[in-house]
Amino acid sequence: MAKATLTITDNRTGRSYEVPISYGTYAEYGATIRAEDLRQIKASEDDFGLMSYDPAGGNTAACRSAITFVDGDRGILRYRGYPIEELAEQSTYLEVAYLLLRGELPDHGQLDAWTREITLHTMVHESIKKFLDGFRYDAHPMGVMVGTVGALSTFYPEAKNIEDPACRATQIVRLIAKMPTLAAMAYRHQRGMPYVYPDNELSFTGNFLNLLWRTAEPRYEPDPILERALEVLFILHADHEQNCSANTMRCIGSSHPDPYSALSGAAAALYGPLHGGANEAVLRMLDRIESKDRVAAFVEGVKAGKERLMGFGHRVYKEYDPRARVIKTTADQVFCVTGVNPLLEIALELERVALNDEYFIERKLYPNVDFYSGIIYQAMGFPVDMFPVLFAIPRTAGWLAQWEELLLDSEQRINRPRQIYDGCDARDYVPLSERGVRSALEIRARGGECASPESSSSPGRAYG
Ligand code: SDX
C-alpha cells in the first residue's frame, strides 16, 4: 500500500522533506498534513520556517470533530452519523440536542430525565427584566439576545469552573433551556407586552410559542402543526460543523471563559447577514423585489454584482443544501394552517431562474438553509428581525457541543493563529513638529512607501 506521506522539495535549497498524511473517518475528506510539519522547511538556518496561508480558513482543518459531518458536493448532512432528513422526520429538538452533546440517541429514561432537566430550567432571574427595560423599544431582538445571554454569566459565577464536567453539564442545560425565554422576552419587550412564565406541561417548542404569544387566555394551546414545524426547523438549525459562529464559540472557548460569555460571542457572529442574519436579509430582499415579474431584473442586478442573492450560496455546499429541501416541504404543512405566504411565489421564481442561469450554475450557488426558513417564520407570525434569533435558539446545542469537544481535545490550546507581516520595516519616531511636510514629502518621494528617513522600502519580514 502506498505510503501516506507527502514529499516536499524546497527548490530554494534542493532539500526534500517527507511529512505524514493523516485521515479522519473518510479518507476522501480528512486527508491532512500538520501545518507544524512545514516549519522545518527553511531557506537558511535563521529562517522562521514555512507557514501555510489560508485567509478565512477555507482549506484548513482547525480541529478534529465527531459531531457533524457535511459533504458539500453530495449535499449530505449528518449529526453523529444520523442523516438530517431522518432526524427531521422522526426526532425532536431536545432529542437531537442530547445526541449532539452526548454522541448517542437517548433511551427512554435518558430522554425523560433530559427533558425534565431542561423544562425545570426555563426561567431566568427576575433581574433580567431590568436588562430588558434598558433596551430601546425598537431594539433588534438579536442585539438583546447577545446582551442578555452574556449577562447571564454574572448570575452563575460558578460557570467559570469549565474543567468540572458536572458544572459544564449544569450550564449547558441552563443555556439550552433559557435561550427561548430570553428570545421571547426580547420579542415581548419590543411590543410592550408583559412577559409570560413557562408552562412546564408543554413541549420545548410548545412552551416557546407560549412564552411568545400567550395573552389573556388561562392556558396557551400551541397549534400542533406549527409546534411540529418549529421542532423540524430547530433540528435543521442545531449544528453545522465549523461554521463562522461555531468557530467563534471554539475560539472564545479556547481562552477558557464561562460558556455564557463564549455563547454571546457566537450569537454575535451568527447575527451577520452573511451567516445567520441571512434569513432576515432574504425576506427584506423578497419584499424589495415585490412581485414575481420583477425577479428577472433583480437577478440581472445580482449578476452585475450590484448585490448578492441572499439565501443562496454556501462555503461548503456546492449542491442543494439538504436542509433547504426539508424546509421547503415543511413550508407546505405550515401554509395549510397559516395560508400561503405571498412571498413564496417570488422565492420559487427566484430559485427557478437562478437554478437555470449560468452565473449561478458555474458558481455552484444553490438555496441554503436561510432561503426558505424566513418565509415560514413570517407565515407563522414572526417579525423579520426575530429570524436570526430563531436560528440562535437551536444552534445553542451545536455551539455547546463544539465548545465541550474543544475543552476535551488534548490537542487544543488557546487559539492564536500566525500572520504574514507586510507592513513597514523598523523606523524612527518622527517628532510632531517635523511630521507635516517632511513625512508627506518623504512618502511622495518614496512613491507612497512608509515614511521614514532611513528605512529602505524593503517589504516587511514575515514574523510568526
Ligand atoms: C449560513 O458555514 C455554514 O455552515 C453556515 C450555515 C450554518 O448552518 O451555520 O450553513 C448557515 O450561514 C448559510 C449561508 C447564509 N448566507 C447567505 O445566504 C448570504 C448570501 N450568500 C453568500 O454571501 C455566500 O454564498 C456565502 C457567504 C454563504 C459563502 O461565501 P463564500 O464561500 O465566501 O463564497 P464567495 O463569497 O467566495 O463567492 C464565490 C463566488 C463569488 O463570485 P466571483 O467573485 O467568483 O465572481 O460566488 C459569488 C461571489 O460573488 N456568490 C454570490 C453569492 N454567494 C457567492 N453571488 C450572488 N449571490 C450570492 N448569494
Side-chain angles (χ1 to χ4, degrees), residues 54-62 65 67-73 75-79 84 87-88 96 100 142 233-250 266-286 288-289 295 298-327 347 350-351 353-355 357-375 387-399 401-402:
D54 186 9
N59 192 45
T60 297
S65 180
I67 300 169
T68 294
F69 172 70
V70 175
D71 175 342
D73 294 328
I76 291 172
L77 168 56
R78 299 184 195 128
Y79 293 160
I84 193 68
L87 293 170
V96 163
L100 289 170
M142 198 58 182
L233 287 159
F234 280 11
I235 289 168
L236 296 172
H237 286 83
D239 190 59
H240 209 246
E241 54 131 293
Q242 304 312 313
N243 56 82
C244 176
S245 53
N247 200 259
T248 304
M249 185 77 185
R250 282 177 170 263
L270 184 76
Y271 193 179
L274 293 186
H275 191 13
N279 51 20
E280 176 178 356
V282 168
L283 260 288
R284 298 190 194 284
M285 173 186 75
L286 296 175
R288 273 188 298 117
I289 295 172
V295 163
F298 175 80
V299 168
E300 287 313 308
V302 170
K303 289 159 65 178
K306 288 189 188 130
E307 60 183 301
R308 290 203 158 188
L309 179 49
M310 302 311 275
F312 257 68
H314 199 280
R315 176 63 55 76
V316 177
Y317 288 122
K318 300 310 170 194
E319 233 299 325
Y320 212 99
D321 185 332
R323 299 169 296 180
R325 205 172 267 120
V326 177
I327 288 175
L350 254 182
E351 178 182 353
V353 170
L355 294 188
D357 187 302
E358 258 323 296
Y359 177 91
F360 299 92
I361 294 169
E362 70 189 34
R363 289 169 178 79
K364 298 181 184 226
L365 301 176
Y366 293 90
N368 58 48
V369 67
D370 292 307
F371 189 64
Y372 285 105
S373 54
I375 293 171
F387 294 1
V389 173
L390 294 166
F391 198 143
I393 293 171
R395 188 52 62 91
T396 296
W399 286 333
Q402 298 284 347

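Whatever order the structure lists ligands and atoms in, that order sets their numbers, starting from 1. Any value given below was found using the heavy atoms of this structure, including those in side chains, with hydrogens, waters and symmetry copies removed. Positions are given from 1 along the sequence.
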Worksheet item: Less than 6.0 Å separating the ring centroids of Y317 and H240?
Response: yes

Fill in: Reported CD-to-CE distance for the pair Q402 and M249, which is rounded to 0.5 angstrom
9.5 Å

Item to complete: Would you check ligand 1 and list the protein residues that come within less than 4.0 Å of it by any heavy atom, ordered by chain and number?
Response: H240, N243, P273, L274, H275, A278, V302, R308, L309, M310, G311, F312, G313, H314, R315, R323, Y359, R363, L365, N368, D370, F391, R395

Item to complete: Check whether any side-chain heavy atom of D370 lies under 4.5 Å from a side-chain heavy atom of M310, and answer yes or no.
Response: no

Practice prompt. With R288 as the cation and F298 as the aromatic partner, state whether NZ or CZ is under 6.0 Å from the six-membered ring centre and within 45° of the axis.
Written response: no

Worksheet item: Does M142 reach the side chain of L270, with side-chain heavy atoms less than 4.5 Å apart?
Response: yes

Worksheet item: Does a side-chain heavy-atom distance below 4.5 Å link R325 with Y366?
Response: no

